[in-house]
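Each chain gets a letter, A, B and so on, in the order the sequences are listed, and its residues count up from 1.
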Amino acid sequence: MNTIIPNESRTELLEGLTDAQKRAVEHLDGPLLVLAGPGSGKTTVVTRRIATIIAHGVPAWQILALTFTNKAAGEMRERIDRLVPGNVPGRRGLTVATFHSFCVRILRHYASFAGISERFTIYDAADQRDAVKQALGEAGLSSGNWTPASVAGAISNAKNQLLDAAAYASQASDFYTRSIARAFAIYERILKSNDALDFDDLLLRAARLLRERAEVREELQRRFQYILIDEYQDTNHAQFVIAHSLAAAHTNICVVGDPDQSIYGWRGADIRNILEFETHYPSATIIPLGRNFRSTAHIVRAAAELIQHNARRKHKKLHTELADGEKPQVVICQDEHHEASLIVDRFRALHDEASIAWKDMAVLYRVNALSRVLEEHFRDSGVPYIIARGTAFYDRKEIKDALAYLRYVANPSDEVSLKRIINTPARGIGKTTLDGIEKQAVLGRARLVDLLRNPAAVEGLSARAAGAIGKFNAMVDGWRAMNESGGILLEASSGLAELVGRVVRESGLEALYRKSRLEEDQERLENLEELVSAAADFTMPESDVTDDQGRPLDLPEPTVLDVLSAFLEKVALVSDADMVDPANGAVTLMTLHAAKGLEFDAVAMAGLEQNLLPHARATQGDGGELEEERRLCFVGITRAKRHLMMTRAAVRTHRGLRERTIPSQFLDELPRESIVLSDQAAVDETYAYGGDDDPFGDEREARGYGSWSPRTGRAAAGKDDSFPVGCRVRHPKFGIGLVEAVTPRPAGSSARIKFSSVGTKTLILGYAKLTRVE
DNA sequence: CTGGTCATTTTTTTT
DNA sequence: AAATGACCAG
């Protein structure tokens with residue numbers, strides 16, 4: 001290893017690190033696993049290690065770092081830029097990308113090897129659902145028992161296991177899977193004829209390309225001599241194959257992660273990838289980082305104690321040398337409005353009295369649905385807030401419409417987009433017309449997109465419809481012509497803004513909302529304008545196409561269509577977490593999932609309730625899912641540096657139904673001595689229900705409602721056997737029911753009871769006014 | 001063909 | 001509660 005930069009710069013890279021951190025930073029060649037607990041300085045270690053590798057003379061273009069979100073990638077890039085001095089030769093060309101965007105690049109570059117069009121469109125979840133729906137229709141599966149969502153999920157799971165439609169079909173044994181296999185095959189055909197790939201395809205195709213095409217694999221192996229993977233606990237099988245195909249030749253692979261923060265099992269993430277890293281690489285160096293530099297001691301102890309309850313876990317010590325600090329508060333609230341206002345009050349106090357900036361606070365919750373009420377209260381109280389929902393803007397109807405136009409302009413095969421916009425706004429190409437053409441497309445084995453290009457050839461088409469289609473085609477051609485006429489002459493990125501502007505105007509979308517005076521439509525108009533400015537702000541990412549020596553290649557100036565494709569690609573791959581802007585002077589509201597990797601001075605976790613955290617879908621099953629929920633709770637707690645508040649509402653309105661909640665079992669698993677419990681539901685007299693509406697008011701007063709106490713408390717209630725499984729009970733409102741299951745819990749046993757009138761309900765025996773009947 | 005109303009449903013989490 | 005889909009009158 002030749003040394004390029006002086007030793008003192010290298011020792012600077014080790015400054016202030018613990019011994020374990022130093023060992024990780026200095027590890028150069030061979031497989032390395034860094035087990036990084038929360039707040040253990042993972043990002044510091046990773047970035048300094050890359051800087052160290054460069055300092056040892058490895059050119060940056062030989063290094064590949066893969067992350068899960070654009071934000072993580074951007075942050076890493078930025079921190080490395082700050083660490084590596086400008087006079088270091090070969091510091092350019094470092095690849096830091098998300099798995100998905102890296103795969104997109106590979107696939108576009110090696111499109112012919114992968115057997116796909118290099119102008120492929122990326123389908124998002126909604127497009128995917130549409131395509132699945134269409135596939136189900138063609139397969140003759142009535143959508144009753146075959147919901148698009150469940151079939152899409154099955155297909156997604158298969159793809160994550162690297163099973164394509166044929167492979168899936170060959171191992172489908174029962175009626176259910178064989179039916180899905182049929183839909184799967186049709187779905188693939190639809191994607192293929194649209195030149196489209198879904199998210200899972202990006203990984204699957206890249207993995208197969210690397211596995212099956214030796215020349216591609218070898219070229220990329222030569223290029224990327226050092227590979228680093230962040231959040232390795234969240235990789236799925238396809239990602240595993242991608243990473244290890246690339247690393248196979250030189251085995252300079254460093255993976256960083258924390259099994260206790262694995263929260264994407266539902267998306268196919270395989271925790272075994274990290275647990276069995278040593279099995280794949282027996283020579284691997286393993287460095288655990290257990291010391292937490294982020295949170296004060298009570299918070300660390302609460303997190304450590306909670307995660308201890310996971311049985312399937314590699315034991316890892318979590319500790320801190322920081323002071324005890326403030327104890328996390330567990331607050332019981334009356335309902336979700338009370339909860340929101342207590343959180344707002346607390347944050348305001350921290351802001352006014354402890355001078356904590358709004359941007360250093362966050363509210364975390366399990367499901368997005370909880371954000372609505374929180375948002376209301378933040379808005380009404382005037383506390384600045386942002387909701388981290390990157391996808392929300394691009395999910396709006398008007399934006400999806402505009403993007404569909406753009407996608408069709410970029411990819412003339414994109415039938416899903418075409419269908420979306422051909423009659424939006426209405427231009428006389430309705431369902432009857434389209435059905436007719438589609439029928440003929442099937443008969444003549446032609447593509448709908450091709451028939452539409454040539455309406456004269458379609459039989460039985462009314463002159464009016466043919467005229468409307470002709471006008472539509474002329475409009476699209478006009479946009480596409482911008483590429484030839486002005487593309488190279490114009491500055492390409494301002495060309496993009498012009499194209500987007502023209503599409504918004506000429507498509508009639510703008511006029512559609514302009515003529516309306518509804519506030520909602522005015523908002524849509526503004527959103528469209530925002531899209532045009534987003535296009536104007538968009539800069540073509542620096543091309544890092546290089547020869548296999550890493551020298552940048554001179555490329556022709558990008559055309560407007562190139563810029564458009566890049567723009568659409570960026571738009572397709574944004575995530576919620578990407579939208580967390582640290583410069584923003586506002587409290588961040590987001591899901592627990594989106595919070596991973598972030599930290600805040602003050603954190604509030606809302607909805608610490610059974611069936612919410614842990615989520616209802618995880619409470620049944622083999623326990624693996626429950627452990628993932630516990631890890632999610634662990635992730636939430638460990639986001640907090642100094643102040644942590646965990647709330648639960650005694651009553652919550654869920655899907656329009658006002659229901660009493662059960663405290664989250666995770667609350668029982670926190671160390672009593674490290675938390676403070678406050679029961680605002682009983683104490684806070686100033687906050688009241690709207691009089692007679694309160695369905696549980698009397699009861700609450702009568703029973704000292706909500707006086708939860710950890711571990712001991714109501715332990716006697718745990719042995720409640722007055723309503724054994726199988727007995728019949730009467731409920732004052734629901735009538736007669738059958739006890740199906742009883743769950744003994746220290747905070748009050750609950751029972752699942754099937755009522756003939758209202759179906760199955762889970763009730764707390766201590767609260768429900770049940771009487772046993774014979 | 002279009003635009004409205006009414007009924008029905010709700011994958012938690014996301015690249 | 002909200003969003004989608006089915007259905008029906010212009």
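Annotation: A:R211, atom CZ; neighbour count of heavy atoms from other residues, nucleotides and ligands within 6.0 Å does not exceed 12.
A donor-acceptor distance shorter than 3.5 angstrom exists from the side chain of A:S245 to the backbone of A:V241, with no hydrogens or angles considered.
Salt bridge annotation for A:R366-A:E629: present, with a cationic side-chain nitrogen under 4.0 angstrom from a carboxylate oxygen. Electrostatic pairing of A:D198 and A:K159 counts as a salt bridge here, judged by a charged N lying under 4.0 Å from a carboxylate O. Ion pair A:R652/A:E609 flagged as a salt bridge, since at least one NZ, NE, NH1 or NH2 atom sits closer than 4.0 Å to an Asp/Glu carboxylate oxygen.
Extent of DNA chain C lying under 4.0 Å from chain A heavy atoms, first and last nucleotide in 5' to 3' order, is C:dA1 to C:dG5.
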Could you list all N or O pairs between the protein and nucleotides 2-9 of chain B that sit under 3.5 Å apart?
unit_1 : atom_1 : unit_2 : atom_2 : d
B:dT2  : OP1    : A:G428 : N      : 3.3
B:dT2  : OP2    : A:N423 : ND2    : 2.9

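Distance, A:H593 NE2 to B:dT12 C1': 8 Å, rounded to whole Å. Here B:dT13 presents its C1' atom at 13 Å from CG of A:L364, a figure rounded to the nearest Å. Between the CD atom of A:E629 and the P atom of B:dT13 there is a distance of 11 Å, given to the nearest Å. Following rounding to the nearest Å, A:E231 (CD) and B:dT13 (P) show an atom-to-atom distance of 19 Å. Here B:dT11 presents its C1' atom at 14 Å from CD of A:E628, a figure rounded to the nearest Å. Here the P atom of nucleotide B:dT12 and the CH2 atom of A:W266 are 10 Å apart, to the nearest Å.
A:K397 comes within 4.0 angstrom of nothing in the nucleic acid, heavy atoms only.
Separation of the C1' atoms belonging to B:dT11 and C:dA6 is 23 Å when rounded to the nearest angstrom.
In summary, of the residues considered (A:V104, A:T67, A:I229), a side chain to side chain contact (heavy atoms under 4.5 Å, CB included) with A:F99 occurs for A:I229 alone.
Side-chain contact between A:L509 and A:R524 is absent, with no heavy atoms from C-beta onward closer than 4.5 Å.
Checked against salt bridge (Lys or Arg N to Asp or Glu O under 4.0 Å), A:R420 has the following partners two or more places apart in sequence or in another chain: A:D401.
Candidate nucleotides B:dT13, B:dT11, B:dT10 were compared by shortest atom distance to the side chain of A:T591, and B:dT13 ranks first.
Checked against the 6.0 Å centroid criterion, the rings of A:Y187 and A:Y123 do not qualify as a close aromatic pair.
The base of B:dT12 does not come close enough to the side chain of A:R617 for any donor and acceptor atom to sit less than 3.5 Å apart.
The shortest distance between the side-chain N/O atoms of A:N611 and the OP1/OP2 oxygens of B:dT12 is not below 4.0 Å.
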